[in-house]
**Student:** 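Provided herewith is a single structure, encoded as structure tokens, for subsequent inquiry.
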Amino acid sequence: MRKHLILTATAIGIVLSACQREAKNLVEVTGHLFVFNYRVASATYLLTLKKTGPIPDGSVIIAEFENPQGGAPLVLNQKIYPIDDKIALQSQNLHCVRKDRPYTVNVRLVDKNGKVLQELKTQFRSDLDQTVLPSKPLVVGAFYDKNPEVFKPDGSVDFSNTDKCPE
């Protein structure tokens with residue numbers, strides 16, 4: 001009887017330790033926000049991750065950001081370097097971000113052979129509507145000169161946002 005209990009306990013221990021290794025996360029989300037840059041009239045997603053386990057060399061992160069304009073997701077492929085403890089993923093410029101609307105981001109950590117090591121899903125929600133941004137950058141050039149398309153020679157200013165967004 002005692003031998004049977006020891007074998008059962010050992011088998012349970014092996015099964016549980018195998019499950020634990022499988023469920024181990026290699027990265028976790030530490031932050032996510034929309035970045036509105038008024039100077040250059042842009043909005044982007046910014047997702048930050050922290051390594052929580054060893055990631056094999058040659059691995060990449062593939063992030064699929066929901067496109068606020070609709071259509072196909074905005075895809076970002078980013079190589080992971082062994083020295084990086086924190087990973088920042090920033091999307092290309094966005095248009096039509098709406099206040100209080102949830103936007104989904106799917107993230108896959110993939111090794112150099114294409115095997116998916118981990119999948120994450122998170123949501124972004126902006127507390128601002130993108131209509132607060134002008135449609136043209138306020139400054140141009142290395143010296144941040146006023147953009148003549150916004151600041152007119154006659155003294156008038158055009159901050160209008162001309163994005164055509166779906167409802």
Side-chain angles (χ1 to χ4, degrees), residues 25-53 55 57-112 114-167:
N25 291 330
L26 300 175
V27 294
E28 67 181 26
V29 175
T30 56
H32 50 79
L33 57 100
F34 283 98
V35 177
F36 287 91
N37 187 329
Y38 295 91
R39 268 192 191 158
V40 294
S42 70
T44 58
Y45 288 106
L46 179 62
L47 177 66
T48 56
L49 306 170
K50 176 178 81 170
K51 280 188 190 175
T52 57
I55 297 175
D57 285 344
S59 295
V60 295
I61 287 192
I62 302 168
E64 294 179 348
F65 298 95
E66 183 177 344
N67 188 342
Q69 278 185 299
L74 307 170
V75 179
L76 172 71
N77 288 313
Q78 186 167 314
K79 185 173 170 31
I80 305 302
Y81 296 97
I83 196 166
D84 295 337
D85 287 331
K86 295 177 182 155
I87 303 160
L89 305 171
Q90 189 161 11
S91 73
Q92 63 196 43
N93 287 345
L94 306 171
H95 297 281
C96 303
V97 174
R98 296 285 179 219
K99 179 180 178 177
D100 294 328
R101 182 193 179 285
Y103 295 96
T104 303
V105 178
N106 295 308
V107 179
R108 290 188 322 265
L109 176 61
V110 180
D111 72 9
K112 65 183 174 186
K115 179 184 173 197
V116 176
L117 302 173
Q118 184 180 351
E119 292 186 45
L120 298 167
K121 187 174 186 174
T122 190
Q123 283 192 336
F124 283 67
R125 194 178 294 265
S126 177
D127 58 355
L128 292 174
D129 202 75
Q130 192 168 350
T131 57
V132 299
L133 288 178
S135 59
K136 296 181 182 117
L138 302 180
V139 294
V140 292
F143 296 108
Y144 294 103
D145 296 321
K146 288 182 178 182
N147 185 346
E149 294 180 35
V150 174
F151 300 96
K152 308 287 184 188
D154 65 2
S156 64
V157 181
D158 179 13
F159 292 120
S160 63
N161 189 316
T162 58
D163 282 346
K164 303 293 183 227
C165 297
E167 289 299 320

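Residues take their numbers from the sequence shown, with the count starting at 1.
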**Student:** Is the count of non-hydrogen atoms from other residues, nucleotides or ligands lying under 6.0 Å from Y38 atom OH greater than 12?
**Tutor:** yes
**Student:** Please examine the side chains of L76 and Y45, heavy atoms only from C-beta on, and report whether any two atoms are closer than 4.5 Å.
**Tutor:** no
**Student:** For R125, is the CZ atom crowded, meaning more than 12 foreign heavy atoms sit under 6.0 Å from it?
**Tutor:** yes
**Student:** Can you pull out every side chain to side chain donor-acceptor pair (under 3.5 Å) where at least one residue sits in residues 71-94? Sequence neighbours excluded, please.
**Tutor:** T44-Q90
**Student:** Does atom NZ (K152) have a neighbourhood of more than 12 heavy atoms from anything else shown, all under 6.0 Å?
**Tutor:** yes
**Student:** Can you find a pair of side-chain heavy atoms, one from F34 and one from L94, that are under 4.5 Å apart?
**Tutor:** yes
**Student:** Decide, yes or no, whether a salt bridge links R108 with E119 under the criterion of side-chain N to carboxylate O below 4.0 Å.
**Tutor:** no
**Student:** Could you tell me which non-hydrogen atom of A72 sits nearest to which non-hydrogen atom of N67, and how far apart they are?
**Tutor:** O-CB, 3.4 Å
**Student:** From I80 CD1 over to L26 CG, what is the distance, rounded to the nearest 0.5 angstrom?
**Tutor:** 10.5 Å
**Student:** Can you tell me how the ring of H32 sits relative to the ring of F124, calling it parallel under 30°, perpendicular over 60° and tilted otherwise?
**Tutor:** tilted
**Student:** Could you list the residues that satisfy side chain to side chain contact (heavy atoms under 4.5 Å, CB included) with P153, not counting sequence neighbours?
**Tutor:** none
**Student:** Sort and list the pairs that fulfil disulfide bond (SG atoms under 2.5 Å apart) and have at least one residue in residues 60-100, not counting sequence neighbours.
**Tutor:** C96-C165
**Student:** When L89 is tested against each of L49, L46, I62, V105 for side-chain contact (heavy atoms from CB on, under 4.5 Å), which residue passes?
**Tutor:** L49
